[in-house]
Protein chains: 2
Amino acid sequence: MSVAARVLDVLGAFTDATPVLTLTEISRRTRLPLTTTHRLVGELAAWGALERAESGAYRVGLRLWEVGSLAPRGVGLRERAMPYLEDLHEVTRHNVVLAVLDGAEVVYVERLSAHDAVSIRSRAGSRMPATATGVGLALLAHADPELVDRVLAAPVRRFTPATVVDPAEIRRLLGEVRRTGVAISVQQIELVSQSVGAPVRDATGVVAALSIVVPAESNPHAYAPAVLAAARGISRALTGVNGALAR
Amino acid sequence: MSVAARVLDVLGAFTDATPVLTLTEISRRTRLPLTTTHRLVGELAAWGALERAESGAYRVGLRLWEVGSLAPRGVGLRERAMPYLEDLHEVTRHNVVLAVLDGAEVVYVERLSAHDAVSIRSRAGSRMPATATGVGLALLAHADPELVDRVLAAPVRRFTPATVVDPAEIRRLLGEVRRTGVAISVQQIELVSQSVGAPVRDATGVVAALSIVVPAESNPHAYAPAVLAAARGISRALTGVNGALAR
DNA sequence: GCGATTCTTCCGCAGAGCGGAAGCGATGTC
DNA sequence: GACATCGCTTCCGCTCTGCGGAAGAATCGC
């Protein structure tokens, strides 16, 4: 294992659930000898990738946050999409999420939540399997067929009794998404909610998806036009002056 | 120079102005031999810290963005402050910013901008000298006196004819901030605007500051109560259940 | 088609990084 | 107050890893 990999391993030790770690904890998680960890962490802290809390424990530093903020698929996408997400949020008063595909999972880039909206699991920066969510279906429907094969070859994770786990049935859903342009996921993550998603494109193809999360008892099709309009708006913003996200 | 430092150097080559770089560009910026750069970049890309665009160029990857999102002083702070920032923004319809101190500079963590508000330089993730901005004054006024000495020992950068560059005068301003609780910076960054800032505390002391950016012709004192109320709200949220940001 | 430019692969040498050992300092226990 | 425990830091000699020159492949521009 190379030094670079060790360094990245140290960064990877920090998670949503454990954003603050002591030296020993980092050493244990990475299975690197304490001395090695000590040296690496020291270098990371000197640069600003990690910071020391008063307690002596380490947390992810501001400098790394700054660099992370340069990820075109993270903040770049978020910045351009924000106005449209806000409009959709304002009009409907429901949770709105924006996500991208990374391997077989979706990564949430932004979430706008209302006080009075249904509860929701995702958080900006968190991951979910691509199969069960509105955004996930929208992204998979337009993804490389080879990726879809790979995803469906593995057993699909179940969240509720309503979660669709049959590969053939999922393929049918994906076809429907391609036909109608919207992805509807009913009670697949939580029984109280369902989501209506749509893909977002830049000049190169589908790069993200947004969805609205609404109560299970409402009619999802009623939200389709608004979701589609927002998705188109973002797509237009991405195809605009500065071209695609990648450049 | 250690490998870890080299790795971080590569990450540091990506900036706001140049978020997408080719291998050769990275090599030139870091002054690392092309072969070395090639190897490091390869390892970073394998982990997900960097991604390859279709063009073959590299950009900051989603995985690094995720880890960066764990920075308590970045996203953690932002999440808890957001509702209060939104309220302030909604009520006043002016730009609202949230920032933390990093060395002698302020780093903007969030910015809410209105279509009809005055223009603004900052962007989430960008840096500014601490001396001339509303947030900067609010943070410096409650910072370690030794830091203030260090900041004022260096020549202060001038943005407009109204920028205060005299150390003694800046000290007087800081005193006033401590006395009144609000920091007012008039036309110091741009002649069309001024800002009203206030410090945000957690259990350990001042950790951030927010400010509102309003047109130069308005009366800044009129905004002080609203700004203070928002700052207090965020402070309360930070001192709450889960304690300080650091933990 | 041909030179210029950028990217990738290969490999032998050298010194950077590794990690065991030992010492330090804080906290908890009897 | 003495002792044990646990976590952090410093030190240093051996070894294996990462270094980067060279050469070749791929792509671009004229």
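In what follows, chains carry the letters A, B, and so on, assigned in the order in which the sequence lines appear, proteins first and then strands, with residues in each chain numbered from 1. On a predicted model such as this, the values are computed, not experimentally measured, just so you know. Computed over heavy atoms, backbone and side chain alike; hydrogens, waters and symmetry mates excluded.
- Rounding to whole angstrom units, CG of residue B:L21 and C1' of C:dT6 are separated by 15 Å.
- Remark: C1' of C:dA16 and CG of B:L40 are 14 Å apart, rounded to the nearest angstrom.
- Between C:dC18 and A:T36, no contact under 4.0 Å exists linking OP1 or OP2 to a side-chain N or O.
- Dashed line: the shortest gap from a side-chain N or O of B:R28 to OP1 or OP2 of C:dT6 is under 4.0 Å.
- One atom, NE2 of A:H38, and another, P of D:dC11, lie 11 Å apart when rounded to the nearest Å.
- Note on B:R31 versus B:D9: no salt bridge recorded, every NZ/NE/NH1/NH2 to OD/OE distance being 4.0 Å or above.
- Side-chain atoms of B:S235 do not come within 3.5 Å of backbone N or O of B:D202 as any donor-acceptor pair.
- Comparing A:S2 and A:R52 against DNA chain D, the residue whose closest nucleotide sits nearer the 5' end is A:R52.
- The nearest whole Å value for the distance from the CG atom in B:L32 to the C1' atom in D:dG18 is 13 Å.
- In this structure, CG on B:L40 lies 8.5 Å from OG on A:S2, to the nearest 0.5 angstrom.
- The closest donor-acceptor contact from the side chain of A:R178 to the backbone of A:A141 lies under 3.5 Å.
- Distance B:E43 CD to D:dT17 P: 12 Å, rounded to the nearest Å.
- Distances shown here put a side-chain N or O of A:R6 below 4.0 Å from the OP1 or OP2 atom of C:dC18.
- Both B:T35 and A:E25 sit near DNA chain D, but only A:E25 has its closest nucleotide nearer the 5' end.
- You'll find that the side chain of B:L23 is closest to C:dT8, out of D:dG18, C:dG19, C:dT8.
- Atom CZ in B:R31 sits about 18 Å away from atom C1' in D:dG20, given to the nearest Å.
- Spacing between atom OH of A:Y58 and atom C1' of D:dG7 amounts to 11 Å, rounded to whole angstrom units.
- Within the cation-pi definition used here (under 6.0 Å to the ring centroid, within 45° of the axis), B:R63 qualifies as a partner of B:W47.
- Regarding B:L34, its CG atom lies at a distance of 9 Å from the P atom of C:dT6, rounded to whole Å.
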